[in-house]
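Everything below concerns the one structure shown next.
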Amino acid sequence: MAIFFMIFALLAGMALPTQFSVNSQLRTVVGSPIIASAISFTVGAISLILISFFAKGSLVKKEWLEAPWWMWTGGLLGAFYVLATTILMPRIGVAATVGYVLAGQVIVSIIIDHFGLIGTTMHTLNIPRLLGALLVIVGVFVVQKF
C-alpha cells in the first residue's frame with residue numbers, strides 16, 4: 001500500500017507543472033490570470049462534484065455547518081496558489097516556479113509538523129530535516145540561476 005501512495009504522490013507532483021503550463025496557456029487565450037484561474041477552479045469543482053455523486057455518503061451533511069471557519073479557507077488557499085502559479089510560470093519559468101513553490105511547501109510543512117499546527121501530528125524539527133529543507137532551498141536557487 002505504501003508504494004501505491006508514493007506513486008500517487010509522484011503523479012500528483014507531476015500534475016503541478018503540467019497544470020502551471022496549461023493555466024499559463026489558458027491565460028494567454030482569455031487575457032487574464034484571474035479568469036484563467038477561475039476557469040481552472042470551475043472545471044475542477046464541477047469534476048469533483050460529479051465524482052462525489054458516485055462516492056460513499058451524502059453530498060451535503062449537517063456537520064459541515066458546524067466546522068470552524070478556518071476549515072473553509074482551503075479553497076481560498078488553492079485559488080491563491082493557482083493564480084500565483086499562472087502569473088509566475090510565464091515570467092520565471094516552470095522549473096523556477098515549481099522550485100519556489102516546493103521550497104515554500106517544505107518550509108511551512110516543517111513549521112506545521114514541528115508545532116503540530118492545524119490538527120497535525122507533531123514531528124519535531126531535527127538536524128536531518130533542517131538539512132533536507134536547506135538542500136531543497138539551495139536547489140531552488142541553483143535551478144533559478146541556471
Side-chain angles (χ1 to χ4, degrees), residues 2-61 63-123 125 129-146:
I3 300 244
F4 169 78
F5 289 125
M6 289 188 325
I7 291 170
F8 187 60
L10 285 171
L11 290 173
M14 290 175 187
L16 290 178
T18 307
Q19 179 193 30
F20 298 168
S21 300
V22 168
N23 286 346
S24 177
Q25 292 304 307
L26 181 60
R27 171 190 180 196
T28 62
V29 171
V30 300
S32 165
I34 294 171
I35 293 171
S37 298
I39 291 169
S40 177
F41 257 80
T42 301
V43 170
I46 290 169
S47 300
L48 290 172
I49 289 168
L50 290 173
I51 291 168
S52 71
F53 283 122
F54 299 101
K56 286 189 209 176
S58 167
L59 186 59
V60 178
K61 296 185 180 195
E63 294 84 20
W64 295 3
L65 301 175
E66 298 168 358
W69 68 268
W70 55 266
M71 287 186 180
W72 295 92
T73 62
L76 292 173
L77 294 169
F80 170 73
Y81 171 80
V82 169
L83 177 62
T85 58
T86 302
I87 291 169
L88 292 169
M89 204 286 298
R91 288 177 172 80
I92 65 173
V94 179
T97 299
V98 169
Y100 286 120
V101 166
L102 178 60
Q105 289 173 339
V106 169
I107 291 165
V108 171
S109 296
I110 285 176
I111 292 167
I112 290 170
D113 273 354
H114 181 72
F115 294 105
L117 301 175
I118 317 173
T120 63
T121 303
M122 286 181 68
H123 297 278
L125 179 61
R129 288 173 62 100
L130 184 59
L131 180 60
L134 290 173
L135 287 172
V136 169
I137 293 166
V138 168
V140 167
F141 287 114
V142 170
V143 167
Q144 175 66 23
K145 184 146 177 86
F146 303 102

Pairs in or reaching into residues 83-105: which pass salt bridge (Lys or Arg N to Asp or Glu O under 4.0 Å), with residues at least two apart or in two chains?
-> none

Throw together a table of side-chain donor-acceptor distances under 3.5 angstrom for residues 74-90, partners on residues two or more places apart or in other chains.
residue: T85; atom: OG1; partner: Y81; partner atom: O; Å: 3.1
residue: T85; atom: OG1; partner: V82; partner atom: O; Å: 3.0
residue: T86; atom: OG1; partner: V82; partner atom: O; Å: 2.7

Show which side-chain atoms of residues 41-50 pair as donor or acceptor with protein atoms under 3.5 Å away, not counting sequence neighbours.
residue: T42; atom: OG1; partner: A38; partner atom: O; Å: 2.7
residue: S47; atom: OG; partner: V43; partner atom: O; Å: 2.8

To the nearest 0.5 angstrom, please state how far the CG atom of L135 sits from the CG atom of L130.
-> 9.5 Å

Measure the OG1-CG distance between T28 and L26 for me, rounded to the nearest 0.5 Å.
-> 7.5 Å

Indicate every side-chain donor-acceptor pair of residues 92-116 with a distance under 3.5 Å to a residue at least two apart or in another chain.
residue: T97; atom: OG1; partner: G93; partner atom: O; Å: 2.7
residue: S109; atom: OG; partner: Q105; partner atom: O; Å: 2.5
residue: D113; atom: OD2; partner: R129; partner atom: NH2; Å: 2.8
residue: H114; atom: ND1; partner: L125; partner atom: N; Å: 2.8

Name all residues meeting the side chain to side chain contact (heavy atoms under 4.5 Å, CB included) criterion together with A2; count only those two or more places apart in sequence or in a different chain, and write none if there are none.
-> none

Do any side-chain atoms of residues 14-21 form donor-acceptor pairs under 3.5 angstrom with protein atoms, and if so which ones, sequence neighbours left out?
residue: T18; atom: OG1; partner: M14; partner atom: O; Å: 3.1
residue: S21; atom: OG; partner: P17; partner atom: O; Å: 3.1

Heavy-atom neighbours of L10 CG exceed 12 at 6.0 Å | yes

